[in-house]
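In what follows, a single structure is set out as structure tokens and then discussed.
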Number of protein chains: 2
Amino acid sequence: MTGKSIGLQLRRNGFKLTPQRRAIIDVISGSEEHLTPSDIYSRLQHKYPGIGLVTVYRTLELLENSGLLCEVHIGDTCRSYLKRKRPGEHHHHLVCAGCGKVVDFVDCELGDLENRLTSETGFSIDSHLLEFMGRCASCRKLVSK
Amino acid sequence: MTGKSIGLQLRRNGFKLTPQRRAIIDVISGSEEHLTPSDIYSRLQHKYPGIGLVTVYRTLELLENSGLLCEVHIGDTCRSYLKRKRPGEHHHHLVCAGCGKVVDFVDCELGDLENRLTSETGFSIDSHLLEFMGRCASCRKLVSK
DNA sequence: GGCTCAATTGAAAATGATTTTCATTTATAA
DNA sequence: TTATAAATGAAAATCATTTTCAATTGAGCC
């Protein structure tokens with residue numbers, strides 16, 4: 001999903017497309033890494049200084065509620081976001097512990113397991129969270145040097 | 001893992017087994033649900049008042065570092081803990097969105113997927129996070145009434 | 001049982017992240 | 001261009017977590 005299409009989608013949902021929101025969307029969609037609110041805030045300082053951290057929080061909340069962002073669950077923080085490459089599609093992440101780069105993939109092959117758990121436990125299952133952690137090719141090279 | 005064995009393990013690792021730690025371990029191992037630091041703190045108020053929230057944080061850190069607790073990744077918080085039923089063993093959780101109850105399971109059948117991702121992306125994979133979310137049998141009854 | 005000492009505790013203060021408030025500004029539709 | 005509701009930024013408020021430090025205590029030793 002490009003920055004432009006995220007912006008259009010926002011507007012389609014009845015929200016204003018302000019320069020601040022454009023800037024925040026630019027930062028997110030220009031990065032392969034997952035970013036926390038303060039990551040985004042500090043990247044904004046270069047190109048679009050003056051935007052408040054509050055606005056970053058508010059915009060992230062808005063984008064998340066509109067389903068235009070993915071959360072990444074890694075390490076300590078529960079608040080690291082990523083552009084959604086596959087809007088609406090069920091998918092998962094493979095995250096590099098070195099640089100934060102995220103690759104995503106679609107088929108998680110968990111249907112059988114889900115069925116088994118349902119029948120064994122009596123739970124109804126609504127969703128799952130699956131993320132792989134590792135090191136990307138370039139970070140592996142760095143380590144081995 | 002019982003509360004008693006958690007305590008013994010702590011002592012084996014050279015830490016003191018104080019009444020506060022006992023109380024915190026009791027609360028955690030007496031619960032089927034995952035608990036945040038303040039959940040634990042408020043449950044302590046009944047039976048063992050006077051224990052400070054700081055001590056809860058410190059004890060949780062200690063238990064986590066000793067591998068005696070599991071983290072649960074659900075909803076907003078990154079800080080919800082659970083007794084470790086299977087010490088040391090690789091396992092995953094099935095969490096009830098209604099009551100917070102957690103069931104765990106061992107075989108996640110992700111080996112093939114992991115191999116495929118490794119060869120397709122050039123990443124080396126170190127670990128994964130897999131959790132299922134749903135509703136347990138009793139919470140399902142509540143909803144349907 | 002008392003003694004010693006490092007580990008542990010609790011209260012308060014410090015820090016850091018996030019949210020709320022509110023007066024001002026601005027994107028958008030008419 | 002104008003009107004208006006939505007959005008912004010600064011400051012304050014809130015909430016979670018960590019640090020500091022003086023007082024207490026568990027555990028090994030006599």
Side-chain angles (χ1 to χ4, degrees), chain A residues 3-4 6-28 34-45 47-66 68-69 71-81, chain B residues 3-4 6-28 34-45 47-66 68-69 71-81:
Chain A
K4 189 164 267 184
I6 296 177
L8 288 177
Q9 187 59 47
L10 260 198
R11 199 139 63 171
R12 228 171 283 135
N13 295 348
F15 297 103
K16 292 184 183 175
L17 191 45
T18 64
Q20 291 90 339
R21 288 181 178 167
R22 272 180 217 278
I24 293 167
I25 291 170
D26 275 1
V27 167
I28 296 172
H34 53 109
L35 303 171
T36 63
S38 17
D39 289 338
I40 295 168
Y41 181 66
S42 52
R43 293 188 185 206
L44 286 169
Q45 297 314 306
K47 240 178 147 180
Y48 317 86
I51 297 182
L53 183 55
V54 213
T55 302
V56 174
Y57 273 96
R58 284 190 282 225
T59 303
L60 287 172
E61 192 192 2
L62 176 63
L63 293 172
E64 229 224 306
N65 291 342
S66 314
L68 301 169
L69 287 186
E71 288 176 52
V72 174
H73 295 259
I74 281 298
D76 308 318
T77 177
C78 274
R79 251 177 150 130
S80 206
Y81 299 96
Chain B
K4 191 162 264 184
I6 295 177
L8 288 176
Q9 188 59 46
L10 261 198
R11 198 135 68 170
R12 229 170 282 137
N13 296 349
F15 297 102
K16 291 184 181 171
L17 192 46
T18 63
Q20 291 89 338
R21 287 179 178 169
R22 275 181 213 278
I24 293 168
I25 292 170
D26 275 1
V27 167
I28 296 172
H34 53 109
L35 302 171
T36 62
S38 17
D39 287 339
I40 295 169
Y41 180 67
S42 51
R43 293 189 185 205
L44 287 169
Q45 296 315 306
K47 238 178 148 182
Y48 317 86
I51 297 182
L53 182 54
V54 214
T55 302
V56 174
Y57 273 96
R58 284 190 282 226
T59 303
L60 286 172
E61 191 191 5
L62 176 64
L63 293 172
E64 228 223 306
N65 291 340
S66 313
L68 300 170
L69 285 187
E71 288 176 52
V72 174
H73 294 260
I74 280 298
D76 308 319
T77 177
C78 273
R79 251 179 150 128
S80 204
Y81 299 97

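What you see below is based on every heavy atom in this structure, not just the backbone, and it leaves out hydrogens, waters and symmetry mates. Order of the sequence lines fixes the chain letters, A, B, ..., with proteins taken first and strands second; residue numbering starts at 1 for each chain.
- With sequence neighbours left out, the side-chain hydrogen bond (donor to acceptor under 3.5 Å, both in side chains) criterion links B/R43 to B/E33.
- With sequence neighbours left out, the side-chain contact (heavy atoms from CB on, under 4.5 Å) criterion links A/E61 to A/N65.
- Residues passing the side-chain hydrogen bond (donor to acceptor under 3.5 Å, both in side chains) test with A/S80 are A/H34, sequence neighbours excluded.
- The side-chain contact (heavy atoms from CB on, under 4.5 Å) test applied to B/L53 returns B/Y41, B/V56, B/Y57, not counting sequence neighbours.
- Applying the side-chain hydrogen bond (donor to acceptor under 3.5 Å, both in side chains) rule to B/T36 yields the partners B/D39; only residues at least two apart in sequence or on another chain are considered.
- Protein atom CZ of A/R12 is 18 Å distant from nucleotide atom C1' of C/dA29, rounded to whole Å.
- Atom CZ of A/R21 and atom C1' of D/dT8 are 9 Å apart (whole Å).
- By the side-chain hydrogen bond (donor to acceptor under 3.5 Å, both in side chains) test, B/E71 pairs with B/H73, sequence neighbours left out.
- Take A/R22 and apply the side-chain contact (heavy atoms from CB on, under 4.5 Å) test, not counting sequence neighbours, and it matches A/L17.
- Atom CD1 of A/I51 and atom P of D/dA10 are 11 Å apart (whole Å).
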Quiz item: Quick one: what's the B/S/- string for nucleotides 23-30 of chain D, heavy-atom cutoff under 4.0 Å, read 5' to 3'?
Solution: --BBS---
Practice problem: List the steps and the verdict of side-chain contact (heavy atoms from CB on, under 4.5 Å) for B/L60 and B/R79. | Solution: CA-CA 10 Å; B/L60 286 172; B/R79 251 179 150 128; over 6 Å; no
Exercise. Mark up nucleotides 19-24 of chain C, 5' to 3', with B wherever a protein heavy atom is under 4.0 angstrom from a base atom, S wherever such an atom reaches only the sugar-phosphate, and - elsewhere.
Key: BBB---
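- Summarising the geometry, the separation between CG on B/L60 and P on D/dA16 is reported as 14 Å, rounded to the nearest angstrom.
- The side chain of A/T55 contributes an N or O atom lying less than 4.0 Å from OP1 or OP2 of D/dG9.
- Between the CG atom of A/N13 and the P atom of D/dA5 there is a distance of 21 Å, given to the nearest Å.
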